Every structure is written in C-alpha cells, then in structure tokens.
Protein chains: 2
Amino acid sequence: MKKEFQKNFSPKVIERLTEYLRYLEECPEENYISAEKIGKELKISSPQIRKDFSYFISRDVEKLGVTGKGYHTQYLCEKIKMILGVHKTNNVVLLGAGSLGSAFLSEYHLAKKKFNVIGVFDSSPKKIGKKINGVVVKNMNELDSFIKLSEKVDIILLTSIPADIEEFLNTITLKGVKAILNFTTHNFNFLKDIAVISVDIYGKLQELNYWKNHGIA
Amino acid sequence: MKKEFQKNFSPKVIERLTEYLRYLEECPEENYISAEKIGKELKISSPQIRKDFSYFISRDVEKLGVTGKGYHTQYLCEKIKMILGVHKTNNVVLLGAGSLGSAFLSEYHLAKKKFNVIGVFDSSPKKIGKKINGVVVKNMNELDSFIKLSEKVDIILLTSIPADIEEFLNTITLKGVKAILNFTTHNFNFLKDIAVISVDIYGKLQELNYWKNHGIA
DNA sequence: TAGATTGTTAATCGATTAACAATC
DNA sequence: TAGATTGTTAATCGATTAACAATC
C-alpha cells in the first residue's frame with residue numbers, strides 16, 4: 001500500500017464519476033478504454049480522469065487500470081457504482097404526485113438504476129388513491145407512519161413542499177433518512193445531517209440565458 | 001471608472017447570481033440587505049458575495065452597494081436580472097410533450113420568470129394536436145418550418161431526443177438558436193456555437209447517494 | 001521489443017477568504 | 001460621531017494540468 005488511506009472524493013470528483021458511469025454504460029462495446037478516449041467524449045482532460053480514478057487506489061483496489069492498455073470497462077463501471085453506492089438497490093420515496101412527480105415515475109427508469117420507489121405521497125384529494133405507473137398515491141399525512149414502518153428510506157425525491165415542513169424534517173431525521181433531492185424552491189441550507197441536492201430549473205434557465213448571450217457554457 | 005472594463009462573470013459566479021436572485025425575490029421585505037445577511041441564508045461567505053457583486057462595477061454601475069448600509073434589494077434584483085438577461089421576455093420552445101414536458105408547462109411559472117413558451121413539439125401521434133396548458137402540441141417535423149418562421153427562439157427545452165438529431169441541430173444552428181436546456185441523456189459535448197446545460201437526474205441521484213453515506217453535500 | 005497508457009509529482013491556474021481602508 | 005458594511009488587495013486554498021518514470 002503506497003497511500004496512507006482515504007484521500008476523499010471531492011464533490012467535483014463525484015460529479016464526474018457520474019458522468020464517467022453514464023458514458024461507460026452507454027458504450028460497453030470495448031473491453032478496455034483509455035482515459036484519453038473517455039476524455040475526448042466527455043470533454044474532460046485525460047490527466048483529470050486518471051487523477052479522479054487514482055482516488056480509488058488503495059481505498060478499494062491496488063491498481064485500477066492496466067498500464068499501456070487502459071481501464072477494463074466493466075470493472076471500472078463496477079468500481080464507480082460501488083463508490084456511488086448504486087451497485088445495490090436503494091429505496092426512494094416520492095413526495096408530490098403532480099406532473100413532475102409522475103414524470104419521474106413514468107419517464108425515468110429509476111429501478112433500472114437501482115433506485116426503487118417504495119412510496120408516493122401527495123396531499124391533494126384528487127391524487128390520493130390514484131395509481132401512477134402502478135403505484136398507489138398515499139395521503140401525505142400517512143408519510144410519518146409509513147416512513148417509520150417501512151424498510152430504510154435512502155432518498156426522498158421532493159417535488160412538492162409538505163404542509164408542515166418542520167414535522168416532515170423531524171420525521172425523516174428520526175427515521176434516519178439521509179438525503180433529499182429537492183425540486184422545490186424551499187431552502188434547505190440549514191439542514192445539518194441530511195444531504196440535499198437542489199435542482200433549480202429556473203436557475204438553470206437563467207444561467208443558460210446568460211451563456212446564450214456570452215458564448216460557451 | 002476605476003477598472004479597465006470587463007472582468008467577466010465566471011460560470012460559478014453566474015450560478016450564484018441565480019441563487020441571489022431567487023433569495024432576493026422571495027424576501028423583498030427589506031429595503032437594504034447586507035452581504036452578511038444574504039450569506040447567512042444561502043450559506044455563502046460574505047466576502048464571496050461582495051466579490052461576486054464587484055464584477056458589476058464599472059461594467060454596469062459605478063457602485064452597486066451603499067457603504068455602511070448594504071445593497072438596495074430592488075436595485076440589486078434589477079441589476080442581476082439584466083446580467084442574466086431576464087429583465088425582458090425570452091422565447092422558449094419545448095421539445096417533448098411527455099409528462100416531463102407537461103410538468104414544465106403546468107408546474108413551472110415560466111412566463112412569470114420571463115421565459116415564454118412559444119411552441120411545443122412532439123413526434124407521438126397520441127400527443128400531436130392535443131392541448132397542454134392551453135398550448136397545442138405540434139408535430140416534431142414542423143419544427144423546422146416553425147423555427148424558421150417564428151420570432152427568435154432563445155432557448156430550446158429538450159425533454160425528448162429528435163429522431164434526426166443532425167437535422168435538428170442544423171436547423172437551430174442556422175436559425176441562430178443559442179441555447180439548449182437538455183433533460184435527455186444525449187451527449188451535446190461536441191456543439192461549438194450552442195450553449196448547453198444538461199440536467200441529469202440519474203446523476204444527481206447518484207451523487208446524493210454517495211453523500212448520504214459520507215455526510216454533507 | 002516498441003508503443004501505449006497508467007499513476008503520480010510538481011507546476012499552474014482559478015476560486016475563495018481574510019483583512020482592512022474607505023466611507024455612508 | 002460611532003457603527004456598519006462596502007469594495008478591494010493580498011494570502012490561501014483547492015482543483016486542474018503538464019510532464020514523465022514506470023510498466024504492461
């Protein structure tokens with residue numbers, strides 16, 4: 001072992017790992033692939049890629065690639081998946097069964113990507129009881145008991161803001177939910193023990209609107 | 001004028017500008033606001049914020065804030081909007097009228113944010129001719145003529161991949177479309193003259209899945 | 001072997017922060 | 001005035017890249 005252990009993956013590196021994984025899963029034709037090749041496709045420099053992959057070494061493996069040959073595609077995929085924790089199935093609860101929530105159920109193959117939607121909740125009487133893609137929408141006020149009784153919930157996919165957000169946060173904190181993918185405009189900056197990634201469509205449109213006027217992005 | 005002009009806004013700064021704008025629009029109660037206050041709310045350091053705002057100076061204004069007082073909320077909002085180009089209306093074309101596309105029409109107030117959806121296209125016969133939120137879905141193969149005849153298209157909101165993607169890119173390049181907000185898995189890394197921001201939900205779930213196991217995000 | 005490509009170190013580049021004079 | 005907070009410079013920190021020895 002050359003390293004003292006545990007150079008940690010930075011957020012930037014984790015982001016790129018998901019890009020590598022997407023690319024590798026789309027083109028598994030080749031047995032071995034070089035950092036150069038991946039980089040051309042994804043517009044990432046090859047030293048960057050080798051450096052990113054070097055973080056796996058001694059944490060996980062002695063050596064990730066083969067000198068003079070490249071990285072074994074399948075093996076690389078597996079290793080990235082293990083780091084990201086998507087080698088095994090994770091449980092997702094969807095909050096909000098509006099068209100955005102429905103889109104996640106119908107247009108995304110979440111289960112294929114190891115994200116299993118084990119519950120869908122909404123507070124609108126119009127939606128409660130309906131089936132969306134084979135899943136019955138439950139009343140938001142049952143979330144509390146559901147989450148307490150269910151198997152571990154890994155991620156909450158949030159497409160609408162719960163009426164009593166404090167209570168909601170208490171519940172999921174107690175039950176040990178550790179992550180929220182947030183599509184609402186609610187500000188979760190104050191959370192301490194729950195990882196939150198917010199996707200702000202308006203924000204992305206605004207950024208893009210700037211770049212369309214100023215070249216590149 | 002103190003500066004020689006045009007320190008440019010970096011992608012990181014542009015991203016934060018959208019965060020500032022969101023916060024400022026949500027709480028316009030105060031007349032003046034300090035970098036300290038904004039930073040507390042958004043978990044961004046106050047020197048960072050002042051530095052970000054300093055890029056406005058001499059490009060746009062002599063002075064953005066008021067020493068000892070803070071930034072005039074309304075004025076700051078306006079200035080950020082002007083930089084992002086959302087002080088005036090921009091035209092958006094939506095490609096794909098599936099549930100994700102529908103969500104953008106029904107759950108997002110795009111027009112309020114100065115993004116006006118002037119056309120919706122899909123290639124599925126089931127969807128063509130239908131109305132979604134008051135907009136008639138057109139046949140994807142009419143996109144070409146539509147885009148040539150219509151007023152300027154600023155942004156294409158892409159929720160499904162056009163059958164002939166080469167032709168699609170030719171069309172929009174010729175017509176001068178400069179930006180794509182991409183929700184598909186298609187790789188647009190090779191585009192030269194069109195700004196693309198891709199939102200990869202799977203990727204975000206994977207990142208989150210990592211952070212849920214390793215604390216913070 | 002010769003050619004290719006890794007893993008890594010050192011150099012560079014860019015972004016963040018600390019600190020403070022200026023001043024409302 | 002005293003207190004607050006800006007705008008900016010210099011210092012720090014972190015991320016990217018260049019370069020190359022190791023080696024398959």
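The sequence lines fix the lettering, A, B, ..., with proteins before strands; numbering per chain opens at 1. This is a predicted model, so every value here is computed, not measured.
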Using salt bridge (charged side-chain N to carboxylate O under 4.0 Å, His left out), reason through A/Asp144 and A/Lys148 one step at a time and then give a plain yes or no. CA-CA 6 Å; A/Asp144 185 82; A/Lys148 276 176 185 144; 3.0 Å; yes
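- Among the heavy atoms of the strands, none lies under 4.0 Å from B/Phe53.
- Closest to the A/Pro47 side chain, of the nucleotides D/dT17, C/dC24, D/dT5, is D/dT17.
- When each of B/Glu36 and A/Gly68 is assigned the nucleotide of DNA chain D with its nearest heavy atom, B/Glu36 is the one assigned upstream, toward the 5' end.
- Considering only the side chain of B/Lys12, C/dT16 comes nearest among C/dT16, D/dG7, C/dT5.
- Whole-Å rounding puts the B/Ile49 CD1 to D/dT8 C1' distance at 16 Å.
- Regarding B/Ile44, its CD1 atom lies at a distance of 15 Å from the P atom of C/dA18, rounded to whole Å.
- Figure legend. D/dA19 is base-paired to C/dT8; pairs are counted as Watson-Crick or G-U wobble with both atom distances under 3.5 Å.
- What separates CG of B/Leu76 from C1' of D/dT6 is a distance of 13 Å, to the nearest Å.
- Each of C/dG7, C/dA22, D/dC24 was ranked by its minimum atom distance to the side chain of A/Thr67; first place goes to D/dC24.
- Rounded to an integer number of Å, the gap from A/Ile38 CD1 to C/dT5 P is 12 Å.
- You'll find that the side chain of A/Leu64 is closest to C/dG7, out of C/dA18, D/dG7, C/dG7.
- Between A/Tyr108 and A/Phe104, the ring planes are tilted. Angles from 30° to 60° get that label.
- Rounded to an integer number of Å, the gap from CD of A/Gln48 to P of C/dT6 is 14 Å.
- Between A/Lys81 and A/Glu25 there is a salt bridge, since a side-chain N of the basic residue sits under 4.0 Å from a carboxylate O of the acidic one.
- Put simply, the residue from B/Leu21, B/Ile14, B/Ile83 that forms a side chain to side chain contact (heavy atoms under 4.5 Å, CB included) with A/Gln206 is B/Leu21.
- Phosphate contact (OP1/OP2 of C/dG7, side-chain N/O of A/Tyr71, threshold under 4.0 Å): present.
- Rounded to an integer number of Å, the gap from OH of B/Tyr55 to C1' of D/dT6 is 16 Å.
- Looking at heavy-atom distances under 4.0 Å, A/Ser10 makes contact with sugar-phosphate atoms alone, never a base.
- Each of A/Lys69 and A/Ser45 was matched to the nucleotide of DNA chain D holding its nearest heavy atom; the match closer to the 5' end belongs to A/Ser45.
- Following rounding to the nearest Å, A/Asn31 (CG) and C/dT5 (P) show an atom-to-atom distance of 14 Å.
- The side chain to side chain contact (heavy atoms under 4.5 Å, CB included) test with B/Phe188 is passed by exactly one of B/Ile197, B/Ile194, B/Ile165: B/Ile165.
- Among C/dA18, C/dG7, D/dT6, the nucleotide with an atom closest to any side-chain atom of B/Lys63 is D/dT6.
- The phosphate of C/dA22 has neither OP1 nor OP2 within less than 4.0 Å of any side-chain N or O from B/Arg50.
- The B/Ile57 side chain lies nearest to D/dG7 when the options are C/dT5, C/dG7, D/dG7.
- A/Leu84 and B/Asn209 make their closest contact through O-ND2, 3.0 Å (heavy atoms, listed as atom of the first residue, atom of the second, distance).
- A/Lys51 places its NZ atom 12 Å from the P atom of C/dA10, with the value rounded to the nearest Å.
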